[in-house]
Protein chains: 2
Amino acid sequence: MLEAKLWDNPCPFTFRINYLALLYNTPLYGWISDEYGLKRPEYVVLYSLALADGGSARDVSRTSGFPKNTLSRAITQLEKLGLIKPRSKAPGGRRTQALYLSDKGWALIHETRPTFEAQEKRMLKALSEGERQMLFELMSKVVREAHSWADELPFEAINENEEG
Amino acid sequence: MLEAKLWDNPCPFTFRINYLALLYNTPLYGWISDEYGLKRPEYVVLYSLALADGGSARDVSRTSGFPKNTLSRAITQLEKLGLIKPRSKAPGGRRTQALYLSDKGWALIHETRPTFEAQEKRMLKALSEGERQMLFELMSKVVREAHSWADELPFEAINENEEG
DNA sequence: TCAGTCAAGTTCTATTTGGAACTCGAACCT
DNA sequence: AGGTTCGAGTTCCAAATAGAACTTGACTGA
């Protein structure tokens, strides 16, 4: 069945995307869970803040796909674990809370992120450096145009060819 | 935060993969759920069988990442809905059940799959035909080598550079 | 042929998830 | 300023999910 999904699939690109995401995420988040007792949404918040400290729950939701209530719970838990700074002393009132990693949170990121990086590197070992750059360019191009297709489904398009 | 995750991420490839998977899957499976009352694992089984009729629950699990009990439930439900053929008359005994779409199941696939295809096409509109082919090649290359990295995590590698 | 092993599928149950309604502070408008 | 709208975050709860134990058919080897 894997062969059919790879080579006989009307959606070869999105299948590859989903399949690679699966092979990448499953072991890594399983490891995070076993080793650090953090669920995926919790670690996602940490990872997100490590890239954009001071971001809000809404930012994480928008960029990760988790609904805001799931993240609300995750953030409460991270605060309880001392992995992010307490929110009470947030400067601008209460709405749109800026979240910051604590030292402990940073330590955890520095300890775990290399494994994520190494796994990504391993995934791309099949490619030469030039190929990796090309792949990065192409994926970036697709992502940059995401706004044009991500909002609604192509219902009107399904019965016509709009491009050759 | 999106900018940081795109351009400042130590895992730029897997972030793009996850992000695109998110933008692709969410609206499509939401539509399937609203319009046809099928949950994601249920539709995944149908889609899988449309590509490899006669496949087993285990095949679907391996290629989709859903655990086998989730698929067991999905398959029971699909059988109840008449979207796959009844399993009782499976030829080779009871273990490793070969699953087959019913006419109704095929009809549903023919009705819905074009939207998935159209959405993939829209995603890739940012690319020229040559770029699409290149992207396909590169992704295929990565997938083909998946066996070499998908099984275990790179714990030994995180403190050394194994390739420049 | 029969015992032993293995793995596909099922069931049970606790955990996790996410939709919906709600709260509440901030921005906006007149 | 007062009233209205907006949306970020929380809470509640039903639904979905996945781990673990179990069942059962098939393959193995003597």
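Throughout, a chain's letter reflects where its sequence line sits, starting with A, and its residues are numbered from 1.
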**Study point:** Any donor-acceptor pair under 3.5 Å from A/S56 side chain to A/A98 backbone
**Key:** no
**Study point:** Distance test, side-chain N/O of B/S72 to OP1/OP2 of C/dG9, below 4.0 Å
**Key:** no
Exercise for review: Take the protein atom CZ of B/R58 and the nucleotide atom P of D/dT24, then report the distance between them rounded to whole Å.
Suggested key: 22 Å
Review point. Taking atom P of C/dT10 as reference, at what distance in whole Å does atom CG of B/L78 sit?
Key: 12 Å
Review point. Considering all heavy atoms of both residues, which atom of A/P12 and which atom of B/F136 are nearest to each other, and what is their separation?
Key: CB-CE1, 3.5 Å
Check your understanding: Would A/T112 and A/Y43 count as having a side-chain donor-acceptor pair, cut-off 3.5 Å?
Key -> yes
Check your understanding: How close or far is atom C1' of D/dA8 from atom CG of A/D59, stated in whole angstroms?
Key -> 11 Å
Review point. How long is the line joining OH of A/Y29 and P of C/dT17, in whole Å?
Key: 12 Å
Practice item. Could you check how far CG of A/L99 sits from P of D/dA8, rounded to whole Å? Key: 13 Å
Point to revise | Given DNA chain C, 5'-ward residue of the pair A/K68 and A/G65, judged by closest heavy atom | key: A/G65
Review point. Closest to the A/A57 side chain: D/dG9, C/dT16, C/dT10?
Key: D/dG9
Check your understanding: Any idea which of D/dA8, C/dT17, C/dT10 is nearest the A/K39 side chain?
Key -> C/dT17
Revision key, fill the gap. Here the pair of heavy atoms bringing A/M139 nearest to B/L20 is CE-CD1, 4.1 Å
**Study point:** Polar side-chain contact A/N69-C/dG19 base: donor and acceptor under 3.5 Å
**Key:** yes
**Study point:** Between C1' of C/dG9 and CD1 of B/I75, the distance in whole Å
**Key:** 9 Å
Exercise for review: Could you check how far CD of B/E79 sits from C1' of C/dG9, rounded to whole Å?
Suggested key: 13 Å
Exercise for review: May I ask you to say what B/S56 touches in the nucleic acid, namely base, sugar-phosphate or nothing, with a heavy-atom cut-off under 4.0 Å?
Suggested key: sugar-phosphate
Point to revise | Listed nucleotide nearest any side-chain atom of B/Q97, set D/dA18, C/dT17, C/dT10 | key: C/dT10
Check your understanding: Atom CZ of A/F66 to atom P of D/dT17: distance rounded to whole Å?
Key -> 14 Å
Check your understanding: Can you find a donor-acceptor pair, distance only, under 3.5 Å between B/R73 side chain and D/dA18 base?
Key -> yes
Point to revise | Heavy-atom pair with the smallest gap, counting every atom of A/R87 and A/E79 | key: N-OE2, 2.7 Å
Review point. Does B/R40 put a side-chain nitrogen or oxygen below 4.0 Å from OP1 or OP2 of C/dG18?
Key: no
Practice item. Ignoring backbone atoms, establish whether A/T70 has a side-chain N or O less than 4.0 Å from OP1 or OP2 of C/dG18. Key: yes
